[in-house]
Trainee: 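This structure is in structure tokens; I'll ask about it shortly.
Chain identifiers are assigned alphabetically (A, B, ...) following the order of the sequence lines, protein sequences preceding nucleic acid strands; residue numbering begins at 1 within each chain.
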Amino acid sequence: MYAIRPTGWSPREAGAEVLARVLDKAGLSRREVAYIVGTGYGRVALNFIDHAVTEITCQARGINYLTGKAGTIIDIGGQDTKVITVNEQGKVVDFVMNDKCAAGTGRFLEVMATAMGMDVDELGSLPENVNPVNISSMCTVFAESEVISLLAGGAAREEIVAGLHRAVARRVKSMLKNTAPATVVFTGGGAKNEGLRRALAAELGVEVMVPAEPQITGALGAAIIAWEGNGGAVAAVPKISGQ
Amino acid sequence: MSDTYREMWRELNMDLEKHDVFLGTLPVAFGEVFLRQDNRPAGMAYFDNALAEAHGGRIQEILAGKKAGRMVAGTFCVFAPEELVFAVDGISIGLCGGAQFTVPTGEQVLPRNLCPLIKSAMGFKLDRICPYFQAVDFLIGETTCDGKKKTWEILNEYVPTYVMELPQKKGAADLVLWEGEIHRLKEEIERRSGREITADRLASGIKMANARRDALARLYRARRADPVPISGKDALLISQLAFFDDPERFTAQVNSLCDELEERIARGEGVTRKGAPRILVTGTPMALPYWKLHHLVETAGAVIVGEETCTGTRYFAGRVAEDGQTVEDQVKDLARRLTAINCACFTPNKDRVEDILRLVRDARADGAIYFSLQFCQPFGVEGRLVERALQEAGVPVLRLESDYSEEDAAQLKTRIEAFLEMIAS
Ligand code: SF4
Ligand code: SF4
């Protein structure tokens, strides 16, 4: 059971609303919920949780639960991009996050979409077999003017978009610190972009899987941790509907 | 704020309005970062006060010394042989900048993609809000990283800046060069102070610097205990104040604080619970008033048990031999510090990796945070080698790059917490 909504300006209100919606869907009252783990940037602002755990740890648990394997998670969200290495037990072995810079994040693609007069959600649905143009700058500011001059020079939008996806994929590849990953799962809002998924698979040379709901796998991990936090008495975590 | 201080600042040609704004931001930050800690050692009161009086009482002291004919030198690197300054009864102040406040001004004359430590220091001079910068007779810079090396040329337009050529390797020829550089600085200091540096005077300068090193080494030894008797933040503050305070008084205060800490250890008393995650920080210096990383780590429930930085172990590394009989011998001894301090400006710099591994062991650290300031090339590049060595030794390591602004605090917090979760699991 889950609900999704954008955080907006108040993580606390957004969290409360999501909780209310989930309870409603499940037909449960607040008192019937024994333990709540909050995760993500807004986790500290949530006043109804029992425990806060970072999205990195939660993402690892969630994906490991779904795949049952060790592997690499590539999470591209609005604010940042993370590469998380997980072992077979779902523990984080290592993780890398982009530094103070929007290069390679969802924000980067958002800015580029705007520069092309598109919505970021449209980026993934463009035709597949095009030649990506070369985007030479990973800096959001420079890439934006590059995109504008490419458009002015008559380049096709889908070629530019393919080029942007490839640029992000290369940036992610550089975060992998030259270890060739086996199982790669792609999560976060960015994972809804099929073009980006293809670009990642092409750059990394491996299959890149996307879970059914890539934006809530962190919440799934939080739920599993909550389950354990509440004693974890029952061996198997119940399957979550919708997955 | 007393009128005497305002008068003093005016005489130092400071920008009083800007200075008020700057000072206004500090008490808030200080209260939040330091005063809310549980069970702080009583001996921290001296250092809290030293910080509070950094732009007041301490400046008064320095100006009184100046009036009495004492030379005041500003330094920027732990390689600056302060012993020579002490030998002429001079005052030595470490001037590296750690405040975002002055970075934008620094950027007016320096490239934006330069490390904030340099930009902040430059900004303090241009903004005229640092009384130390206003009080110094001259600065001693070194050819360390390119950013600093080229900044001296610009800084020299505002305040006389003497540049020592610090070698980039540690071979025999480099030692000879460095020894020559120390001789030349000695002449410069003799000329500026009007006092001759005799073997006796230099011997007492060496002793004074060593005593301060010994006291700080003792403080760092106390941090090995579990539970730790002092927070990382407090230890960092002490290291930072070492650059400004009167060395003899500072040494005595650190030693009496250590007496208290050793009693705490004997009683098994600490500032955290026993078994709290222990972190070693390694990387670029953290100049006053930079406390961001320590604050984030310690509010996340871990404790910092050591810093392999120039505001940490590199500051007190390289004790100088005290038995040199002639100035010649003493200068040779001073030059040898070159080989004992492992800064990323040198190549190769393998011993730094050894230092870090040893510190992890000694401090019983559960993990290490490799911290480099944004745009610092030496430490940024070297990070890869250090990270690999730590991983091979089975020490979890988190690499962070940041600057003095607060913008990335939430991001850093997430990374630090995830790292602690990783260590705990
Ligand atoms: S990091 Fe290197 S250059 Fe900077 S103060 Fe330390 S020793 Fe000097
Ligand atoms: S932190 Fe790095 S770039 Fe900055 S002054 Fe020190 S060595 Fe140079």
Trainee: Measure A/A52 against the heavy atoms of chain B and call it side chain, backbone, both or neither at under 4.5 Å.
Mentor: backbone
Trainee: Quick one: CE on B/M422 to NZ on A/K91, what's the gap to the nearest 0.5 Å?
Mentor: 12.5 Å
Trainee: Under a 4.0 Å threshold between the charged nitrogen and the carboxylate oxygen, would A/R43 count as salt-bridged to B/E417?
Mentor: yes
Trainee: Going from CD1 on A/I56 to CZ on B/R415, what distance comes out if it is rounded to the nearest 0.5 angstrom?
Mentor: 8.0 Å
Trainee: So does A/F142 have more than 12 non-hydrogen atoms from other groups sitting under 6.0 Å from CZ?
Mentor: no
Trainee: When you look at A/D80 and B/Q411, which way does the side chain to side chain contact (heavy atoms under 4.5 Å, CB included) test go after all the steps?
Mentor: CA-CA 9 Å; A/D80 46 45; B/Q411 228 200 27; 3.5 Å; yes
Trainee: In terms of heavy-atom pairs under 4.5 Å with chain B, which of A/V53, A/I84, A/V44 leads?
Mentor: A/V53
Trainee: Within this structure, what is the OG-CG distance for the pair B/S425 and A/N87, rounded to the nearest 0.5 Å?
Mentor: 8.0 Å
Trainee: So do the side chains of B/R399 and A/V96 get within less than 4.5 Å of each other, counting heavy atoms only?
Mentor: no
Trainee: Is the CD atom of B/Q391 crowded by more than 12 outside heavy atoms at less than 6.0 Å?
Mentor: yes
Trainee: With a 4.5 angstrom heavy-atom cut-off, is it the side chain or the backbone of A/V93 that approaches chain B, or both, or neither?
Mentor: backbone
Trainee: Which value, rounded to the nearest 0.5 Å, describes the distance between A/T57 atom OG1 and B/F419 atom CZ?
Mentor: 12.0 Å
Trainee: Can you tell which part of B/L398 gets under 4.5 Å to a heavy atom of chain A, answering side chain, backbone, both or neither?
Mentor: side chain
Trainee: In Å and rounded to the nearest 0.5 Å, what is the CG to CE distance from B/L400 to A/M97?
Mentor: 9.5 Å
Trainee: With rounding to the nearest 0.5 angstrom, report the CD1 to OG1 distance, B/I416 to A/T54.
Mentor: 11.5 Å
